[in-house]
Amino acid sequence: MVSSYASSSRPEAAARQAALFQRHPAKVGRALIGWTLTVDGVGGRIVETEAYHHEDPASHSFSGATPRNAVMFGPPGRAYVYRSYGIHWCLNVVCGPDPGSAVLIRALEPTDGLETMRERRGVAEPRNLCSGPGKLCQALAITRAHDGLPLDAPPFELVPGDAAGIVAGPRIGISRAVDLPWRFGEAGSRFLSRPFPRG
DNA sequence: ACCGAGATGATCT
DNA sequence: GATCATCTCGGTG
């Protein structure tokens with residue numbers, strides 16, 4: 001079969017991502033801070049994530065596979081998108097090797113397509129465009145249509161990057177396993193959904 | 001700054 | 001009928 005890669009860097013990036021996602025979601029969530037995520041060229045640097053594991057009572061996968069969370073039990077590196085509170089969408093990256101693990105993308109530092117994001121969100125300040133899982137899905141126009149799509153192929157693009165420092169703390173908006181420190185963020189970022197405790 | 005409430009629909013008991 | 005991996009707005013200090 002003839003290769004049709006337009007860029008020699010794409011196979012390298014795909015291989016690096018495949019290796020990254022084959023780990024415990026807490027490691028993946030930490031490692032993803034500083035990477036850049038875009039959809040059709042609109043997006044920014046990942047500055048906040050949360051990990052969910054199939055043995056974690058707060059995870060959608062805790063009680064087994066259902067139609068909603070089916071993608072969580074499939075191959076790593078795909079998008080798991082679900083509706084939150086009947087209004088918003090939330091984006092996860094499926095992890096392996098254990099089935100039923102994922103990392104919730106909670107906030108981006110907007111870098112690409114600012115004007116498009118402003119129109120979609122109806123707000124102007126960069127700080128308010130992607131500072132939450134529902135906000136960033138609105139800004140990037142992520143919906144159920146993206147559920148199950150691989151993140152290393154269009155319309156998604158995931159580019160490796162680094163963070164100056166990483167902070168961790170308890171996850172937000174859950175009622176079970178509230179003490180697990182599986183929320184990760186870039187230290188000092190002004191684009192978080194909320195500050196981290198004591199730091 | 002902090003707090004409460006409403007929006008709105010899929011999922012689960 | 002209750003529970004959400006949320007956001008926005010309006011009230012109060």
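Lettering of chains follows the sequences in order, A, B, ..., and the numbering in each one begins at 1.
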Looking at [N], I'd like to know if its phosphate oxygens (OP1 or OP2) sit under 4.0 Å from a side-chain N or O belonging to [X].
{"X": "A:Ser175", "N": "C:dT3", "answer": "no"}
{"X": "A:Arg121", "N": "C:dT8", "answer": "yes"}
{"X": "A:His88", "N": "C:dC7", "answer": "no"}
{"X": "A:Arg176", "N": "C:dC4", "answer": "no"}
{"X": "A:Ser59", "N": "C:dA5", "answer": "no"}

>> Would the base of B:dA10 count as contacting A:Tyr82 through its side chain, where contact means a donor and an acceptor less than 3.5 Å apart?
In response: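 No such pair is found, so the answer is no.
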If you look at every strand shown and take non-hydrogen atoms under 4.0 Å, does [X] touch a base, only sugar-phosphate, or nothing?
{"X": "A:Ser63", "result": "nothing"}
{"X": "A:Leu104", "result": "base"}
{"X": "A:Arg68", "result": "sugar-phosphate"}

> Does C:dC7 have a Watson-Crick or wobble mate here (both distances under 3.5 Å), and if so which one?
Replying inline: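 Pair assignment: C:dC7 / B:dG6.
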>> Does the structure show a Watson-Crick or G-U wobble partner for B:dT13, both distances under 3.5 Å? Name it, or say none.
In response: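 With both distances under 3.5 Å required, B:dT13 matches none.
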Output the rounded distance in Å from [atom1] ([X]) to [atom2] ([N]).
{"X": "A:Arg83", "N": "B:dA7", "atom1": "CZ", "atom2": "P", "result": "16 Å"}
{"X": "A:Arg127", "N": "C:dT8", "atom1": "CZ", "atom2": "P", "result": "14 Å"}
{"X": "A:Ile142", "N": "C:dT6", "atom1": "CD1", "atom2": "P", "result": "15 Å"}
{"X": "A:Leu136", "N": "C:dC7", "atom1": "CG", "atom2": "C1'", "result": "13 Å"}
{"X": "A:Ile87", "N": "C:dA5", "atom1": "CD1", "atom2": "P", "result": "14 Å"}
{"X": "A:Leu91", "N": "C:dC7", "atom1": "CG", "atom2": "P", "result": "13 Å"}
{"X": "A:Gln138", "N": "C:dT8", "atom1": "CD", "atom2": "P", "result": "7 Å"}
{"X": "A:Arg144", "N": "B:dG9", "atom1": "CZ", "atom2": "C1'", "result": "11 Å"}

>> Has A:Arg171 got a side-chain atom pairing as donor or acceptor with A:Arg183's backbone, closer than 3.5 angstrom?
In response: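 Pair absent, no side-chain N/O of A:Arg171 close to backbone of A:Arg183.
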> Can you check whether A:Thr66's main-chain N or O pairs, donor with acceptor, with A:Asn69's side chain at less than 3.5 Å?
Replying inline: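 A pair under 3.5 Å: yes.
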> Only one of A:Leu192, A:Ile172, A:Ile46 forms a side-chain contact (heavy atoms from CB on, under 4.5 Å) with A:Arg106, so which one is it?
Replying inline: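 Going through the options one by one, the only one that passes is A:Ile172.
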> Any salt bridge between A:Arg190 and A:Glu109, counting N to O under 4.0 Å?
Replying inline: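 Salt bridge flag = no for A:Glu109 with A:Arg190.
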>> Let's see if you can work this out: which of C:dT6, C:dT8, C:dA5 has an atom nearest to the side-chain heavy atoms of A:Asn92?
In response: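 Selected nucleotide: C:dA5.
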> Around atom CZ of A:Arg121, are there more than 12 heavy atoms of other residues, nucleotides or ligands at under 6.0 Å?
Replying inline: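 Yes, because the 6.0 Å sphere around CZ of A:Arg121 holds more than 12 heavy atoms from other groups.
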> Do we see A:Tyr85 stacking on the base of B:dG9, given a limit of 5.5 Å between centres and 30° between planes?
Replying inline: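 A stacking contact does not exist, since A:Tyr85 is not both close and nearly parallel to the base ring of B:dG9.
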> Does the side chain of A:Gln138 pick up a donor-acceptor pair with the side chain of A:Arg120 at under 3.5 Å?
Replying inline: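 No, no side-chain donor-acceptor pair sits under 3.5 Å.
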>> On DNA chain B, compare the nucleotides closest to A:Gly86 and A:His60; which residue's is nearer the 5' end?
In response: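 Going by which nucleotide is closer to the 5' end, it is A:Gly86.
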